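The analysis underlying the following values was restricted to heavy atoms, covering all of them including side chains, and did not include hydrogens, waters or symmetry mates. Computed from a predicted model, the values in this text were never measured in an experiment. Along the sequence shown, residues are numbered consecutively beginning with 1.
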Amino acid sequence: MYQTCPKCGHSCRAQESRSTNVCPACGLRYDKWLKQRYRSAHFQSSQRVTRPWVTACSRLAVAVLTPRDDGRKEWSGRVLIWLLLAGLGLATVTTSYEDVVEGTMPGAVAFLHRIDLVFHEAGHVIFSVLGDFMVVTGGSLMQLLVPLLVCGAFLFKRSDPFGASVGMWWTGQSLADLSPYIADARALRLPMLGGGTGADRLGIHDWENILGRLGLLDYDRILGGVANGLGMVLMVLALAWGAMLLVKQHRHLSG
């Protein structure tokens, strides 16, 4: 028994039994009071553990959803960039595997492909130090890493979420650009850099090697379709993100 009741402050007299579990003054049951106190302390401890994660998520949400406080010229430029990305995205999603094989894809899509190809080929060289498999995989990996790094740099280094949305759009476009290459792993119809196709130059097709080593060669068309679908989703989400930021910035400028 407590010598002093934690609720009413009653002090036990000498004649009062110290073996009872109930305060003789207010009737507080000490065992129930201890359990309630333990649960409260445990809850507060759990809150302290999770609070850093909550804080980090809140800061990330603010960084993602808060546009930069720029002027009307910057806003107008971003609107033009958004419209350009929307048009390029539409051209990308309407370009089929046959268009790539036959060389009939739109000029804008072909231009973006050449930009992606620079980083793709650089990836083969950069990842060559990690072994033969990474030499082959490094091209496609680098093609996706560069726009992801651009997205992160704009968001966390420059506090520019609209720039990050452009990086996210580029990631989706780059993934969609890879999808015909993945789907071509068995057909080997795509023209290769330097001339010829994968069928003409055996062993040079990246995704024939990658899926062949992983035992997934029979799923090339499925995996290519998944890559294309994910690329489209990323581009749509990036455009929605950018549009939301433009609307918020316009309201701020108008207000």
Peer 1: Could you check if a side-chain atom of Thr95 sits within less than 4.5 angstrom of a side-chain atom of Thr92, using non-hydrogen atoms only?
Peer 2: no
Peer 1: Under 4.5 Å between side-chain heavy atoms, counting indirect links through other Ile/Leu/Val/Met/Phe/Trp/Tyr residues: same cluster for Val236 and Leu85 or not?
Peer 2: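 As far as the 4.5 Å side-chain criterion goes, Leu85 and Val236 are not connected within one cluster.
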Peer 1: Between Leu84 and Leu239, is there a shared hydrophobic cluster once you connect ILVMFWY residues whose side-chain heavy atoms come closer than 4.5 Å?
Peer 2: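 As far as the 4.5 Å side-chain criterion goes, Leu239 and Leu84 are connected within one cluster.
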Peer 1: What distance do Asp184 atom CG and Glu208 atom CD have between them, rounded to the nearest 0.5 Å?
Peer 2: 9.5 Å
Peer 1: According to the salt bridge (Lys or Arg N to Asp or Glu O under 4.0 Å) rule, which pairs have a member within residues 232-255, sequence neighbours left out?
Peer 2: none
Peer 1: To the nearest 0.5 Å, how far apart are CG in Leu253 and NE2 in His250?
Peer 2: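 Here the rounded value is 7.0 Å.
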Peer 1: Please give me the minimum heavy-atom distance between Arg201 and Leu193, naming the atom from each residue.
Peer 2: NH1-O, 3.0 Å
Peer 1: Which heavy atom of Pro67 sits nearest a heavy atom of Pro161, and at what distance?
Peer 2: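 Minimum heavy-atom contact is CA-CG, 4.1 Å.
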Peer 1: How close do Ala238 and Trp169 get, counting heavy atoms only, and between which atoms?
Peer 2: CB-N, 3.4 Å
Peer 1: Tell me whether Tyr181 contacts the main-chain N or O of Trp207 through its side chain, where contact means a donor paired with an acceptor under 3.5 Å.
Peer 2: no
Peer 1: Give every residue pair that meets the salt bridge (Lys or Arg N to Asp or Glu O under 4.0 Å) criterion with at least one member in residues 94-119, sequence neighbours excluded.
Peer 2: Glu98-Arg189
Peer 1: Between Val135 and Ser128, is any pair of side-chain heavy atoms under 4.5 Å apart?
Peer 2: yes
Peer 1: Drop me the distance from Leu148's CG to Leu145's CG, to the nearest 0.5 angstrom.
Peer 2: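 Leu148 CG to Leu145 CG: 6.5 Å, rounded to 0.5 Å.
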Peer 1: List the atom of Pro180, the atom of Tyr97, and the distance in Å for their closest heavy-atom pair.
Peer 2: O-CE1, 3.8 Å
Peer 1: My understanding is that only residues two or more places apart in sequence, or in another chain, count here; which of them pass salt bridge (Lys or Arg N to Asp or Glu O under 4.0 Å) with Arg213?
Peer 2: Asp132
Peer 1: With Asp70, which residues qualify under salt bridge (Lys or Arg N to Asp or Glu O under 4.0 Å), at least two apart?
Peer 2: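 Only Arg68, Arg78 meet the salt bridge (Lys or Arg N to Asp or Glu O under 4.0 Å) criterion with Asp70.
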Peer 1: Answer yes or no: is there a side-chain heavy-atom contact under 4.5 Å between Leu88 and Met235?
Peer 2: no
Peer 1: To the nearest 0.5 Å, what is the distance between OG1 (Thr137) and NE2 (His124)?
Peer 2: 9.0 Å
Peer 1: Taking the side chain as everything from C-beta on, heavy atoms only, tell me whether His120 gets closer than 4.5 Å to Ser140.
Peer 2: yes
Peer 1: Hey, could you give me the OG1/CG distance between Thr66 and Asp160, rounded to the nearest 0.5 Å?
Peer 2: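 Result: 12.0 Å between the selected atoms.
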Peer 1: Are Val79 and Trp82 connected in a single hydrophobic cluster, I mean Ile/Leu/Val/Met/Phe/Trp/Tyr linked by side-chain heavy atoms less than 4.5 Å apart?
Peer 2: yes
Peer 1: Of all residues at least two apart in sequence or in a different chain, which pass the salt bridge (Lys or Arg N to Asp or Glu O under 4.0 Å) check with Asp220?
Peer 2: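 For Asp220, the residues satisfying salt bridge (Lys or Arg N to Asp or Glu O under 4.0 Å) (neighbours in sequence not counted) are Arg186.
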Peer 1: Looking only at non-hydrogen atoms, find the nearest pair between Trp241 and Val64 and report the distance.
Peer 2: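 Scanning both residues, the minimum pair turns out to be NE1-O, 2.8 Å.
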Peer 1: Taking all non-hydrogen atoms of both residues, which atom of Ser179 and which atom of Gly224 are closest, and how far apart?
Peer 2: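 Closest approach of Ser179 to Gly224: CB-O, 3.2 Å.
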Peer 1: Do Ser174 and Asp177 pair up side chain to side chain, a donor and an acceptor below 3.5 Å, judged on atom types alone?
Peer 2: no
Peer 1: Can you tell if the side chain of Leu246 reaches within under 4.5 Å of the side chain of Phe162, non-hydrogen atoms only?
Peer 2: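 Counting from C-beta outward, Leu246 and Phe162 do come under 4.5 Å.
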Peer 1: Side-chain heavy atoms under 4.5 angstrom apart, residues restricted to Ile, Leu, Val, Met, Phe, Trp, Tyr: same cluster for Val118 and Met105?
Peer 2: no
Peer 1: Would a distance-only check, ignoring hydrogens and angles, find a side-chain to backbone donor-acceptor pair under 3.5 Å from Thr94 to Ala91?
Peer 2: yes
Peer 1: Once rounded to the nearest 0.5 Å, what's the spacing between atom CG of Leu216 and atom CD1 of Ile182?
Peer 2: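 Here the interatomic distance stands at 11.5 Å.
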Peer 1: Report yes if the side chains of Leu175 and Thr171 come closer than 4.5 Å at any heavy-atom pair, otherwise no.
Peer 2: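 In short, these two side chains do not touch, never coming nearer than 4.5 Å.
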Peer 1: Who pairs with Phe119 by ring-ring contact (aromatic ring centres under 6.0 Å, His included), at least two apart in sequence or on another chain?
Peer 2: Trp170
Peer 1: Using the rule that Ile, Leu, Val, Met, Phe, Trp and Tyr join whenever any side-chain heavy atoms are under 4.5 Å apart, tell me whether Leu245 and Leu65 fall into a single cluster.
Peer 2: yes
Peer 1: When you look at CZ of Phe133, are more than 12 heavy atoms from neighbouring residues, nucleotides or ligands closer to it than 6.0 Å?
Peer 2: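 Yes, enclosed.
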Peer 1: Which residue in the set Leu211, Ile210, Leu217, Asn228 passes side chain to side chain contact (heavy atoms under 4.5 Å, CB included) when paired with Leu223?
Peer 2: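 The residue from Leu211, Ile210, Leu217, Asn228 that satisfies side chain to side chain contact (heavy atoms under 4.5 Å, CB included) with Leu223 turns out to be Leu211.
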Peer 1: Does Ile204 offer a backbone N or O that forms a donor-acceptor pair with the side chain of Asn209 under 3.5 Å?
Peer 2: no
